[in-house]
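Here the structure comes first, spelled out in structure tokens, and everything after it is commentary.
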Amino acid sequence: MPVETETLETVQSLTQSGYKWGFETDIEMDLAPKGLNEGIIRLISERKGEPAWLLEWRLKAFAAWQTMREPHWSKAHYPPIDYQDLHYYAAPKRKPGPKSLDEVDPELLKVYEKLGIPLKERAILAGVEGADGSFPNPVAVDAVFDSVSVATTFRKTLEKAGVIFCPISEAVHEVPELVQKYLGSVVPASDNFFAALNSAVFTDGSFVYIPKGVRCPMELSTYFRINARNTGQFERTLIIADDASHVSYLEGCTAPQRDENQLHAAVVELVALDDAQIKYSTVQNWYPGDAEGRGGIYNFVTKRGACRGKRSKISWTQVETGSAITWKYPSCVLQGDDSVGEFYSVAVTNNRQQADTGTKMIHIGRNTSSTIVSKGISAGHSDNTYRGLVRVLPRASGARNFTQCDSLLIGDQCGAHTVPYIESRNATAKVEHEATTSKIADDQLFYCRQRGLSQEDAVGLLVNGFCKDVLKELPMEFAVEAQKLLAVSLEGSVG
Amino acid sequence: MLEIRNLSASVDGAAILNGIDLAVPRGEVHAIMGPNGSGKSTLSYVLSGREDYEVTGGTVLFEGRDLLAMEPEARAAAGLFLAFQYPVELPGVGNANFMRTALNAVRRARGEEELDAVQFLKIARAAVKQLAMPDDMLKRNVNVGFSGGEKKRNEMLQMAILKPKLAILDETDSGLDIDALKIVAEGVNAQRGPDFTALVITHYQRLLDHIVPDRVHVLANGRIVRSGGPELAHELEARGYAGFADAA
Amino acid sequence: MNAVQAAGAASFLGRFEGLRERLPGDREIRDRAAAAFRAGGFPTVRDEAWKYTSLRPVTEASFYEPLLSVADGGDLLAELPVLDGPRLVFLDGRFRPQLSVLPENIEVGTFAETAVFGRLARPDRDPLVALNTMLTEDGAVIGVPDGVDAGLLQLVSIATDVPGRAVAFHPRHCIRLGRGARLMLLEMSGGGGTYLHNPVTEAYVADGAVLVHVRLQDESRTAYHLSTLYAEVARGGTYDSFNLNLGARVARTEVHARLKGERSATHLNGAQMLGGTQHGDFTTIVSHDAPSCASRQTVKNVLSGRARGVFQGKIEVARAAQKTDGYQMNQALLLSPEAEIDSKPQLEIYADDVKCSHGATVGELDAEQLFYLRSRGIPEAEARSILVRAFLTEALDAIGDDTVRASLDRAVDAWWGKQAA
């Protein structure tokens, strides 16, 4: 059975009403005490056996964070976050590598199963020795469980190609020069409130380095999961694509169903050097809270890519269906001449969800071009905002941007907002922006129902059609899953 | 097959149908003709269950079942197909995907096994060929950017694939040139048989040269004012509707 | 007469304290406005609504109060493309009967006489409106009775140039159209030297009434023009405006149009042509409060030299405003390497059965079109002019009235003349 089908069916088999990924896992955890202070940061650094420069970097970020204020410029409304009431470190207790699946903590295996990770990958992920076999369409997986990367698969195969794909905590030891050179080079530690917080307390995340001229032999993938109670998740991802290299990276996110809100403040940094290409795809399905707006993840993430090299390209694709509140603007800094930035986004909000998402395209180099395609779908009592910036600096002669931004409203209690900022300081630049807001037309629904589709199937079909331009940018495995996710997220929104 | 008794309906409070009586036996093709505003399209929407149309009286039995109590998709699953006068565009929704989803929904409702993509494509390609349509018809988005004729042919393609028991053709001939008209007629004629019943709604007689009806009914002011054999259509062509409207 | 005090907000507050007892109208409203202005001061670029327009040159300058002018202002009036027919002329913010031609079928008065504040202006939210409310002395009060088609009326503001003595004035205009009434209001502002013109206008459009409001802002290139307009449109009414912004060193034209009754409509079209170091900001907020309303906007920017153009356009659709039809197009042409455009079109939508769209484009003249014209023998400068005029035409064509259109065309011609010089 192809990987994607199996994955899909595993997901489907979990289908019950409500949030389908809301299981909680009972695993022995190593938990730092609640609260945030220098002591906790030193503790994290010590647990990770980090070099002195990194501890210093964290402390500097912490000092900066203490002078900053939580931003409140978006449309989102939420009760104040008590940053002292969170655990900043939570990790499953680790034992020596198991010899077979039987020796693996069955709870951990169940988690992978519920996440829809294919069986063979589950074994590899659980660290079963010798399980690094080959099967069609392999996907190398890094699983980040609460704050800690628990397993990375296919490392040997990747190593042969010279690709480094490992937890960032290991990269700090194994390739310290790369980490030190690039960490914080795209998102500085004091970039914004949440990035500063992340820089101070991040515990793990994925690290990728693709050497010169290498096309990464498989998709790289990270599953993020928040599990422990009252835990903030602060993962840090750093991807470096050296000259003329290619990589496609997938990110999937889930969290258990809980009454209280949980904070997720990740930082993702991408660096593309000359002629390099990075494709970064996200299917975000953190717990969105219940119909009354109780619980759910606060997803305050900083994602930014630097097209440093000439002719480099960074492409963000995201399908955002989860989280109580999402603030997220995956951006491209187009420094290299002829570099290309892309942003394809589907954001669905239902019930009481609030999403404020979009991108920034900063044109610095000559003949840089960017494309933005955003599809927002609001249902229930939710609010969905596209916020985006296209900035053309004086040197960026010949810069091009095209933005298409469409909103769909389902029901009359939700809101859809479009807030683009266009700033051009170069006469030869060409910027085009188009935005529309509409609803699913009654005659479209009736047409589908006359052909035998139920109301919900018809909405699912039409919404997928609305999102097609974005979904086609996703790798195959994710596209199918994303389509199902869209339909599930909108269940109960019509009728 | 279809029994309409004293059916009345209104749109936005205005009465459009004023007591229609009509019986269409299985396997027959009946034509409904009438001037603009006589209620032809309203009849097709009421039969297929469009929401804005309020039934104010009467009953409709479809194979003995109360059609008016059914949701639109249940009517489709029961075998009712409406070829729209103005087929709707569905941006981003591929024609093949749409028809497979519809066919499988209908099959599921009937307790039949769903078709996978390969099985479906076989059926769809055969239908495309039979209707002399270009192959890319299946790849394009439903009715998006289609010419008027292409839209109507796409309706025939869907009909050929969904194989309804009762097809209602709502002015399918409007806006078609003679070649397209023939293709539509062939599409209907190919289905004709003891298990295919059709209600052909049209303003003009010319479609009925190609789809010869068993019976012709004249609709005026929301009522059937006269019924007869195929020759009635020719009479209308010669005399116009003027005399009939007065009769209502 | 107060001499100038410290610059900025403090100087205006000081002036208010000095004049407080003598200013006409409801003192409580003025006090509240003063309190708001004292608390907030001038907006800065940290305020989202003022992100792209810095008022620093205004806050750093010192302004005097206008003297009772002895100049007759006739020469300045001649510089504006004023048409024959009725007109209300204000000199340094004060009504000038000698320069005016009173209309016959319209009730006209002045704020100085009536001293009634309307209910549309929001001094609590908009700092410049607070400033105006605090210090306003005069303005036009225009009323068209039910069912009357009042034809054309011109509202002209001119500022005199007294070297070394920059003045600030804050006129308060009010326009009321009765049921089914019609008015074509052609508003112009110009002047010489340095001054601050800070008008606030309220327009009430009753059921089925149509107000066509064509505005030409051609202030002195060293002046500041900060205008705020609030329009409220009742059932089936139309507020149809065209704003041509050519002048001022720093200008902001802010328009709030509220579609309050069912099936009401508004057009907020405009064009900005800026050169040198001019800064022009056209900000619009259209609020759809009722069902089945329509709003249409086409805004064009032509920027040369080191000019900076700003367009902010927001369409708000309230929950009740089903069947809303909103459209907005914003285009900018950058004619020089150092020109800049900042554009922020915005949709805020809470109703589901709506059709709203906006578009924005930024670019330079089409090289192929330019080449095509030149290959037909048209010199480059002329070819550029033809293409820029063509670019503007789409917006200008929205003005249906031929004489008014011709008046604006003259202003555009004059602008080109200045560019070439």
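Residue numbering restarts at 1 for every chain, and letters A, B, ... go by the order of the sequence lines.
- The contact between P420(A) and chain C is made by backbone and side chain atoms together, counting heavy-atom distances below 4.5 Å.
- Environment of CZ in R56(C): sparse, with no more than 12 heavy atoms of neighbouring residues, nucleotides or ligands closer than 6.0 Å.
- A distance of 12.0 Å separates CG of L334(C) from CZ of R425(A), quoted to the nearest 0.5 Å.
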| field | Steps toward side chain to side chain contact (heavy atoms under 4.5 Å, CB included) verdict (Q331(C), E432(A)) | value | CA-CA 9 Å; Q331(C) 294 177 311; E432(A) 286 176 85; over 6 Å; no

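- Of the atoms belonging to A429(A), it is backbone heavy atoms, and not side-chain ones, that fall under 4.5 Å from chain C.
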| request: Decide side chain to side chain contact (heavy atoms under 4.5 Å, CB included) for K344(C) and V419(A); before the verdict, give the C-alpha distance in whole Å, the side-chain angles of both, and the deciding distance to 0.1 Å. | output: CA-CA 7 Å; K344(C) 187 180 155 198; V419(A) 192; 4.0 Å; yes

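- For H417(A) against I349(C), the heavy-atom pair with the smallest separation is ND1-N, 3.3 Å.
- Proximity to chain A involves both the backbone and the side chain of P345(C), based on heavy atoms less than 4.5 angstrom apart.
- Contact of K51(C) with chain A is made through the side chain alone, with heavy-atom distances under 4.5 Å.
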| request: Start with the C-alpha distance between Y52(C) and E423(A), add both sets of side-chain angles, then the distance that settles side chain to side chain donor-acceptor pair (under 3.5 Å), and finish with yes or no. | output: CA-CA 10 Å; Y52(C) 293 121; E423(A) 303 173 5; 2.4 Å; yes

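- Between chain C and the options G411(A), C405(A), A435(A), heavy-atom pairs under 4.5 Å are most frequent for A435(A).
- The neighbour count for R389(C) CZ, taken as heavy atoms of other residues, nucleotides or ligands under 6.0 Å away, is above 12.
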| Given the rule in the side chain to side chain contact (heavy atoms under 4.5 Å, CB included) test, do I422(A) and I341(C) qualify, once you have shown the distances and angles that lead to the verdict? | CA-CA 8 Å; I422(A) 301 159; I341(C) 176 75; 5.8 Å; no

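- Annotation: maximal heavy-atom pairing with chain C below 4.5 Å, among S378(A), S438(A), A416(A), occurs at A416(A).
- With a threshold of 4.5 angstrom between heavy atoms, Q312(C) does not approach chain A through any atom at all.
- In this structure, the side chain of R319(C) engages the main chain of C414(A) through a donor-acceptor pair within 3.5 Å.
- Atoms OG1 and CD, on T437(A) and E348(C) in that order, are 11.5 Å from each other to the nearest 0.5 Å.
- Between the side chain of H358(C) and the backbone N or O of T436(A), no donor-acceptor pair lies under 3.5 Å.
- Heavy atoms closer than 4.5 Å to chain A are found nowhere in F311(C), neither backbone nor side chain.
- When the shell of 6.0 Å around NZ of K430(A) is examined, it contains 12 or fewer heavy atoms from other residues, nucleotides or ligands.
- Of the atoms belonging to Q322(C), it is side-chain heavy atoms, and not backbone ones, that fall under 4.5 Å from chain A.
- Partner of D352(C) under the side-chain contact (heavy atoms from CB on, under 4.5 Å) criterion, out of I440(A), L408(A), D412(A): D412(A) alone.
- In terms of heavy-atom pairs under 4.5 angstrom with chain C, the leader among S397(A), G415(A), P394(A), S407(A) is G415(A).
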| task | Could you please spell out the steps behind the side chain to side chain contact (heavy atoms under 4.5 Å, CB included) verdict for L347(C) and Y386(A)? | result | CA-CA 10 Å; L347(C) 299 171; Y386(A) 166 82; over 6 Å; no

